[in-house]
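Here is how names work: the chains are called A, B, and so on, in the same order as the sequence lines, proteins then strands, and each is numbered from 1.
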There are 2 protein chains.
Amino acid sequence: MERGHTDVTALAEGPEDCAAVKPVLARIGDKWVVLVVRLLGRRGPRRFNELRREIGAISQRMLTLTLRGLERDGLVTRTVHPTVPPRVDYELTDLGRSLMGPIEALGNWAFAHKDEMDAARARFDRLHGKAAPPPSARPTAKAAGSALKG
Amino acid sequence: MERGHTDVTALAEGPEDCAAVKPVLARIGDKWVVLVVRLLGRRGPRRFNELRREIGAISQRMLTLTLRGLERDGLVTRTVHPTVPPRVDYELTDLGRSLMGPIEALGNWAFAHKDEMDAARARFDRLHGKAAPPPSARPTAKAAGSALKG
DNA sequence: CAGAATCCAAATTGATACTG
DNA sequence: CAGTATCAATTTGGATTCTG
């Protein structure tokens, strides 16, 4: 049953099922999870600071939190080598590896369509007069006052 | 080039590419986006409150924000019918439809492995004495006081 | 090196009220 | 019906400090 990511074409759609997969999707949806899983999947086991360096923009706290979450969900194993200085290796579990298929699909899609999305965003922003509201874009009090920052 | 979700097996892995796809993944990673795209993809165009009802747990504001984001990224179209009361239909664009493959793959994976993840979580929590630290789990002042709730 | 703890800034979200 | 505006509460994330 290791045929990649189970191509079950018929997926339930009831609200109960939505609720069931929601926490799973929440974890996968985590920005860092995708990067960490890809890294561990493609380049094998990694130490804490190796991951940190290779990911680049992540803070220590977020990496710790991300790895802990992945470990909790059974997607990675954490192996502590009782040496000094300490050495900790993180590696994908079978479950974690089974996630690579869907993750790659998503990554490939993102890579293949980022230009279209960029163009769409530019067009939308132009039509709406907005500059570039990052994610949600709502006036946050500080935004009003910071207008004169330049 | 409409062969589903481009099965490009070789995906770049440099940090620059990571940066490029990050915003894309961020949008896809959004909990609601997956649900909305699936709904629009499987059941066709939908009105605002139809989506609201069918999703269930979403607030009006979040649905508005989610749809706006999807529209901005060129994944859905928003059609206003100048009737009274107003009627607005949301529908996937071609780009949006092309996302369905990866989304389904992810949804299927989540559905297929939620039990394993649940089990893993339970085991982890048991070993760590923690009750059930939802996502990140950090002491938030209020959490300290609620420890004696059991 | 790997991580825990603390502090604090900023983003996210829900509830509510108002509008065309 | 389909939003927008505003406010309050929660969450999230980064920076810093400390430890084994």
Engineer: Could you state the CZ-C1' distance from B/Arg78 to D/dA2, rounded to the nearest angstrom?
Structural biologist: 8 Å

Engineer: Within less than 4.0 Å of OP1 or OP2 of D/dC1, is there a side-chain N or O belonging to B/Arg47?
Structural biologist: no

Engineer: Going by salt bridge (charged side-chain N to carboxylate O under 4.0 Å, His left out), name the residues that satisfy it together with B/Arg52, two or more places apart in sequence or in a different chain.
Structural biologist: none

Engineer: For A/Arg68 and C/dA4, what is the distance between atoms CZ and C1' respectively, to the nearest whole Å?
Structural biologist: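 These atoms are roughly 9 Å apart.
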
Engineer: Which residues pass the side chain to side chain donor-acceptor pair (under 3.5 Å) test with A/Glu50, sequence neighbours left out?
Structural biologist: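 Scan of A/Glu50 (side chain to side chain donor-acceptor pair (under 3.5 Å), adjacent residues dropped) gives none.
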
Engineer: Got a sec, which pairs hit side chain to side chain donor-acceptor pair (under 3.5 Å) with one end in residues 79-93 of chain A, sequence neighbours left out?
Structural biologist: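 Every side chain to side chain donor-acceptor pair (under 3.5 Å) pair that includes a residue of residues 79-93 of chain A, provided the two are not neighbours, is A/Arg78-A/Tyr90, A/His81-A/Asp89, A/Arg87-A/Asp89.
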
Engineer: Starting from the 5' end of DNA chain D, give me the residue, A/Ala57 or B/Arg53, whose nearest nucleotide shows up first.
Structural biologist: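 Taking each residue's closest nucleotide, the earlier one in sequence belongs to B/Arg53.
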
Engineer: Going by the angle between their ring planes, with limits at 30° and 60°, are A/His113 and A/Trp109 parallel, tilted or perpendicular?
Structural biologist: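 Tilted: the ring planes of A/His113 and A/Trp109 meet at 30° to 60°.
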
Engineer: Report the distance from atom NZ of B/Lys31 to atom P of D/dT12, rounded to the nearest whole Å.
Structural biologist: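 The distance from NZ of B/Lys31 to P of D/dT12 comes to 10 Å, rounded to the nearest Å.
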
Engineer: Is the phosphate of D/dC1, meaning OP1 or OP2, less than 4.0 Å from a side-chain N or O of B/Tyr90?
Structural biologist: no

Engineer: Report the distance from atom CZ of B/Arg27 to atom C1' of C/dT12, rounded to the nearest whole Å.
Structural biologist: 13 Å

Engineer: Quickly work out the A/Leu63 CG to D/dT12 C1' distance and round it to whole Å.
Structural biologist: 16 Å

Engineer: Among residues at least two apart in sequence or on other chains, which ones pass side chain to side chain donor-acceptor pair (under 3.5 Å) with A/Asp118?
Structural biologist: A/Arg121

Engineer: Using whole Å, what does the distance between atom P of nucleotide D/dC1 and atom CZ of B/Arg46 come to?
Structural biologist: 15 Å

Engineer: What is the distance from CD1 of A/Ile55 to P of D/dG14, rounded to the nearest Å?
Structural biologist: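 Going from A/Ile55 (CD1) to D/dG14 (P), I get 12 Å.
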
Engineer: Output all residues satisfying salt bridge (charged side-chain N to carboxylate O under 4.0 Å, His left out) with B/Arg68, sequence neighbours left out; order by chain, then residue number.
Structural biologist: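 Listed in chain order: nothing, the list is empty.
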
Engineer: Provide, to the nearest angstrom, the distance between the CE atom belonging to A/Met62 and the P atom belonging to C/dA11.
Structural biologist: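 Checked: the CE to P distance equals 15 Å.
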
Engineer: Out of D/dA2, D/dG14, C/dA2, which has the shortest distance to the side chain of A/Asn49?
Structural biologist: C/dA2

Engineer: At under 4.0 Å between heavy atoms, which parts of nucleotides 15-20 of chain C does protein reach? Answer with one letter per nucleotide, 5' to 3': B base, S sugar-phosphate only, - none.
Structural biologist: B-B--B

Engineer: According to a strict under-4.0 Å criterion, is B/Arg52 in side-chain N/O contact with OP1 or OP2 of D/dA2?
Structural biologist: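 Indeed not, no polar side-chain atom of B/Arg52 lies that close.
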
Engineer: Just wondering, do A/Leu92 and A/Met100 contact through their side chains at under 4.5 Å, heavy atoms?
Structural biologist: yes

